[in-house]
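Per chain, numbering begins at 1; letters A, B, ... match sequence-line order.
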Number of protein chains: 2
Amino acid sequence: MTAPKYKRLTPEDRAAELVQAGLRVLAKGGITAFTIDNICKASGASRGLVGHHFGGKDGLLAACYAAAYAPLLQVIAKDGTAPPLPDLLDELLSDRQFRRESLNIWLALWAEIGVNEGLRAEHLRQYDRYHAAISASIAAFAGERQVAAEMLASSLIALLDGLWVEMCIAPSRMSLPRARQAVEALLVPHLGRV
Amino acid sequence: MTAPKYKRLTPEDRAAELVQAGLRVLAKGGITAFTIDNICKASGASRGLVGHHFGGKDGLLAACYAAAYAPLLQVIAKDGTAPPLPDLLDELLSDRQFRRESLNIWLALWAEIGVNEGLRAEHLRQYDRYHAAISASIAAFAGERQVAAEMLASSLIALLDGLWVEMCIAPSRMSLPRARQAVEALLVPHLGRV
DNA sequence: TTTGTTGTTGAACGAACATACAACAGTGCT
DNA sequence: AGCACTGTTGTATGTTCGTTCAACAACAAA
């Protein structure tokens with residue numbers, strides 16, 4: 001009876017574990033810490049696996065980006081249709097989404113998107129779905145009142161992004177309640193109490 | 001008559017040139033491109049100078065951060081006092097400040113601040129001055145009307161940050177006029193036409 | 001011109017990096 | 001038990017990184 005030297009996983013499971021390890025590394029040390037060594041150490045796997053399953057570091061980064069977007073898209077399209085605006089806001093401003101660890105990941109990925117052409121194309125696809133869902137939720141909530149839903153959605157997304165940034169770089173000056181205040185300062189005058 | 005092999009600068013001038021080169025590198029390639037080699041190549045200087053003038057790469061990064069904040073602080077404190085809100089907004093939303101190259105620098109620096117404790121402390125000092133000036137401008141513009149100037153300032157800063165992010169990662173979905181629309185959507189209901 | 005100060009150079013160094021790949025071993029099948 | 005398949009390992013390789021430092025040279029003063 002000899003103990004196995006390693007656990008053999010399906011490609012899907014191994015890929016998922018590497019992606020999760022990559023996100024942990026990104027959250028803790030940013031893009032400069034995103035190295036094969038760090039990722040494999042965080043995952044408990046050996047160096048060769050990233051190349052084997054993702055073709056290289058860039059492949060894993062792209063997969064991490066998609067994985068980071070997943071919870072966001074899950075919220076806005078739980079069953080394919082845009083959720084009611086209050087529910088949407090409650091989720092986006094919940095401690096499930098508004099957490100510093102998650103936000104560091106976004107900061108690291110954004111900086112890379114600004115510089116990496118390939119990643120930006122992938123981002124635009126995800127962003128458009130995100131924008132469309134929020135826009136639909138706003139329009140539905142406004143009902144017959146005339147509001148510029150598209151523009152309000154853009155503003156809301158930007159405001160949320162900015163609040164996430166503040167939460168990362170100045171956590172002592174930002175908090176969940178403060179973030180909610182800011183969102184309400186933008187939306188209430190146009191939509192009434194949400 | 002022999003051509004000089006290099007130009008000898010004062011420490012201040014040399015430091016300034018290295019900082020400018022660092023900002024160019026940051027704008028073009030993000031934090032991963034911020035290497036001694038790239039910076040010295042961009043500056044036309046030799047490898048040893050960064051260590052000599054800044055003690056190392058981190059020293060130069062801190063100096064670049066301060067240099068990136070300078071134009072912003074110059075705007076809000078032209079003569080020591082907070083400028084009128086409309087002027088402030090015109091400047092912040094001008095193509096002097098709202099340029100993709102500048103914004104890539106911020107994205108790269110933010111990601112680093114989220115992870116680098118020392119840089120974050122320096123950031124907080126600058127941020128507080130920034131917030132105070134904007135808050136004062138809002139309060140002055142509101143006059144006798146009762147507005148939550150502090151909170152509005154936080155929201156405005158976050159919104160601007162977010163608009164900058166969008167400009168970097170989805171330039172095809174964001175523009176200067178759109179950004180102005182978003183800012184007005186936040187401020188006009190509380191302050192009237194600006 | 002000569003000399004002293006000091007900003008500058010570029011090679012040298014070890015550490016960390018991404019990638020490739022041949023050997024290995026777990027797993028299911030027969 | 002034996003076999004084939006394939007996921008996994010870890011070393012090897014060449015590159016790039018940050019830092020150091022002795023030699024060098026521009027410039028000002030004498």
If we fit an axis to the first five pairs and another to the last five of the helix from dT1(C)-dA30(D) to dT30(C)-dA1(D), what angle do they make, to the nearest 10°? 0°
If you measure from NZ on Lys28(B) to CG on Asn38(B), what distance do you get to the nearest 0.5 Å? 9.5 Å
d(CG, Leu60(A); C1', dA18(C)) in whole Å: 13 Å
Under 3.5 Å, is there any donor-acceptor pair linking the side chain of Tyr6(A) to the base of dG7(D)? yes
Taking DNA chain D as the partner, which of residues 10-28 of chain B come within under 4.0 angstrom of it by heavy atom? none
To the nearest 0.5 Å, what is the distance between CG on Asn116(B) and CG on Asp58(B)? 6.5 Å
Whole Å only: how far is the CZ atom of Arg8(A) from the C1' atom of dC24(C)? 11 Å
Under 4.0 Å between a Lys/Arg side-chain N and an Asp/Glu carboxylate O for Asp90(B) and Arg180(B)? yes
How long is the straight-line distance from CG of Leu109(A) back to CD1 of Ile169(B), given to the nearest 0.5 Å? 9.5 Å
B/S/- along nucleotides 14-20 of chain D (protein heavy atoms under 4.0 Å) is ---SSB-
Verify whether the ring centers belonging to Tyr65(A) and Trp110(A) lie closer than 6.0 Å. no
Under 6.0 Å from the CZ atom of Arg129(A), do we count more than 12 heavy atoms belonging to anything else shown? no
Within this structure, what is the NZ-to-P distance between Lys5(B) and dG10(C), rounded to whole angstrom? 8 Å
Find the distance between CD1 (Ile39(A)) and NZ (Lys41(A)) and round it off to the nearest 0.5 Å. 11.5 Å
Glu91(A) bridged to Arg96(A) by N-O distance under 4.0 Å: yes
Which of dT8(C), dC27(D), dT9(D) is nearest the side chain of Lys7(B)? It is dC27(D)
Between Arg178(B) and Ser154(A), is any side-chain donor less than 3.5 angstrom from a side-chain acceptor? yes
Would you indicate whether Glu101(B), at its atom CD, is surrounded by more than 12 heavy atoms from other residues, nucleotides or ligands within a distance under 6.0 Å? yes
Report the distance from atom CZ of Phe54(A) to atom CG of Leu49(A), rounding to the nearest 0.5 Å. 10.0 Å
Between dA25(D) atom C1' and Leu9(B) atom CG, what is the distance in whole Å? 14 Å
What's the CG-P distance between Leu49(B) and dG10(C), to the nearest Å? 10 Å
